[in-house]
2 protein chains.
Amino acid sequence: METNEFQRIAKALADPRRFAILERIAGCKELACQTLCGEMPVSKATLSHHLQELETAGLVSIRMDGKFAHLSLRKDVWLAYRKELAKRIG
Amino acid sequence: METNEFQRIAKALADPRRFAILERIAGCKELACQTLCGEMPVSKATLSHHLQELETAGLVSIRMDGKFAHLSLRKDVWLAYRKELAKRIG
DNA sequence: ACATCAGTTAGATGGTTGTCGAACGATCGA
DNA sequence: TCGATCGTTCGACAACCATCTAACTGATGT
């Protein structure tokens with residue numbers, strides 16, 4: 001895994017709210033963005049921002065269905081990250 | 001693992017320099033602070049700050065020998081963190 | 001006792017970022 | 001076509017943070 005991607009993921013995981021979002025997404029196969037909007041106490045703008053961070057980091061993929069967004073965890077990237085942690089630290 | 005500790009660790013890992021420091025420490029049983037000082041392109045103050053962050057997060061333990069500090073990875077905490085990642089996300 | 005060295009603390013600063021409201025673009029139903 | 005809804009983008013702001021220099025504390029050797 002490239003150091004750049006690795007660092008972007010580490011940063012993405014560092015914010016509590018963002019991690020909560022990721023955790024929520026990881027909890028099911030695919031999650032409707034609206035559902036998140038209803039559960040997280042943040043504005044649409046902030047949520048959108050966090051989702052883009054997660055997508056840029058490669059952790060989440062966003063599928064657009066008409067005007068609805070559906071989020072899902074990219075498990076391959078996630079596992080690669082965990083593997084890299086083990087490789088670099090122990 | 002408590003959420004508080006978990007988040008502190010995540011934050012500690014998010015900064016590239018701090019992660020590099022942790023990586024260096026993890027590379028040997030115990031590392032002299034002076035060695036780090038000689039290898040990392042940061043001031044003593046900054047290094048001290050990062051080490052305190054890592055210690056507060058529980059990732060690193062600092063042993064004082066006279067006026068010399070020796071750093072070591074707390075492997076139990078590290079493994080607990082990796083385990084928690086797997087538990088929370090997958 | 002004194003100079004020196006290792007690490008900490010204080011204070012300042014510039015950059016990053018999480019957050020919001022508001023304006024916008026796109027899509028859908030009526 | 002028109003209004004409503006979903007998500008993005010913009011501009012702004014406050015809080016946080018990595019970093020530095022300088023001053024400090026404590027230990028060591030002479």
Side-chain angles (χ1 to χ4, degrees), chain A residues 3-25 28-74, chain B residues 3-25 28-74:
Chain A
T3 296
N4 225 6
E5 185 186 9
F6 181 72
Q7 285 299 337
R8 238 180 297 126
I9 293 179
K11 265 191 200 294
L13 300 181
D15 181 64
R17 181 109 47 202
R18 198 155 48 215
F19 187 84
I21 293 173
L22 181 68
E23 209 173 350
R24 183 68 182 83
I25 294 174
C28 47
K29 274 286 177 197
E30 202 179 49
L31 183 65
C33 188
Q34 266 190 120
T35 308
L36 262 185
C37 248
E39 293 177 4
M40 299 286 164
V42 287
S43 70
K44 287 189 304 175
T46 301
L47 186 57
S48 179
H49 164 65
H50 283 316
L51 288 174
Q52 273 176 60
E53 289 289 310
L54 289 171
E55 192 193 23
T56 302
L59 287 172
V60 161
S61 93
I62 306 182
R63 178 178 68 85
M64 292 302 295
D65 177 26
K67 59 178 174 175
F68 297 95
H70 296 267
L71 301 324
S72 57
L73 173 69
R74 290 187 52 179
Chain B
T3 296
N4 225 7
E5 184 184 10
F6 181 72
Q7 283 172 3
R8 237 179 297 128
I9 293 179
K11 264 191 200 296
L13 299 181
D15 181 65
R17 181 107 48 202
R18 198 155 46 213
F19 187 85
I21 291 172
L22 181 67
E23 210 173 349
R24 183 68 181 83
I25 294 175
C28 46
K29 274 284 177 196
E30 202 179 48
L31 184 65
C33 189
Q34 267 190 122
T35 308
L36 263 185
C37 247
E39 292 177 4
M40 299 285 164
V42 286
S43 69
K44 284 190 305 174
T46 301
L47 186 57
S48 179
H49 164 65
H50 283 315
L51 289 174
Q52 273 177 59
E53 290 289 312
L54 290 171
E55 192 193 23
T56 301
L59 287 171
V60 161
S61 93
I62 307 182
R63 178 177 68 85
M64 292 300 297
D65 177 26
K67 58 179 175 174
F68 297 96
H70 296 267
L71 301 325
S72 57
L73 174 69
R74 290 186 52 179

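Remember, it's a predicted structure, so these values are computed and weren't measured experimentally. Chain A is the first sequence line, chain B the second, and so forth, proteins listed ahead of strands; every chain is numbered from 1.
We find that CG of Leu51(B) is positioned 15 Å from P of dA6(C), with the value rounded to whole Å. Atom C1' of nucleotide dT9(C) and atom CD of Glu55(B) are separated by 15 Å, given to the nearest angstrom. Rounded to whole angstrom, the span from the CD1 atom of Ile21(B) across to the P atom of dG7(C) amounts to 13 Å. Between the C1' atom of dT8(D) and the CG atom of Leu71(A) lies a distance of 14 Å, rounded to the nearest Å. At whole-Å resolution of the value, CD in Gln52(B) and P in dA6(C) are 18 Å apart. Remark: C1' of dG18(C) and CZ of Phe19(A) are 18 Å apart, rounded to the nearest angstrom.
Across all their heavy atoms, Cys33(A) and Leu47(A) have their closest contact at O-CD2, 4.3 Å. Here the closest heavy-atom approach between residue Pro16(A) and residue Lys11(B) is recorded as CD-NZ, 4.5 Å. Across every non-hydrogen atom of Pro41(A) and Arg17(A), the tightest pair is CG-NH1, 3.5 Å. Between Lys29(B) and Ser72(B), the shortest heavy-atom distance links the atoms O-CB, 3.4 Å. Pairing each heavy atom of Lys44(B) with each of Cys37(B), the nearest pair is CG-SG, 3.9 Å. Considering every non-hydrogen atom in both Met64(A) and Ala69(A), the closest pair reads SD-CB, 3.6 Å.
Listed by residue number, there are no residues of residues 29-36 of chain B with a heavy-atom contact under 4.0 Å to DNA chain D. Within residues 59-69 of chain B, the residues approaching DNA chain C are Lys67(B), Phe68(B), Ala69(B), by heavy-atom distance under 4.0 Å.
A distance of 12.0 Å separates CD in Gln34(A) from CD in Glu39(A), rounded to the nearest 0.5 Å.
The residue from Arg63(B), Arg24(B), Arg74(B) that alone fulfils the salt bridge (charged side-chain N to carboxylate O under 4.0 Å, His left out) condition with Glu30(B) is Arg63(B).
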Show me the donor-acceptor pairs, under 3.5 Å and distance only, between side chains in residues 49-59 of chain A and residues at least two apart or in other chains.
residue	atom	partner	partner atom	Å
His50(A)	ND1	Arg18(A)	NH1	3.4
Thr56(A)	OG1	Gln52(A)	O	2.7

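Judged as a side-chain hydrogen bond (donor to acceptor under 3.5 Å, both in side chains), and not counting sequence neighbours, the contacts of Ser43(B) are Thr46(B). Every residue two or more places apart in sequence or in another chain that forms a ring-ring contact (aromatic ring centres under 6.0 Å, His included) with Phe19(A) is listed here: Phe6(B).
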Pairs: protein N or O with nucleotides 18-25 of chain D N or O, under 3.5 Å:
residue	atom	partner	partner atom	Å
dA18(D)	OP1	Arg18(B)	NH1	3.3
dA18(D)	OP1	Arg18(B)	NH2	2.9
dA18(D)	OP2	Arg18(B)	NH1	3.4
dA18(D)	OP2	His49(B)	NE2	3.1
dT19(D)	OP1	Arg17(B)	NE	3.0
dT19(D)	OP1	Arg17(B)	NH2	2.9
dT19(D)	OP2	His50(B)	NE2	2.3
dC20(D)	OP2	Ser43(B)	N	2.9
dC20(D)	OP2	Ser43(B)	OG	3.1
dC20(D)	OP2	Thr46(B)	OG1	2.8

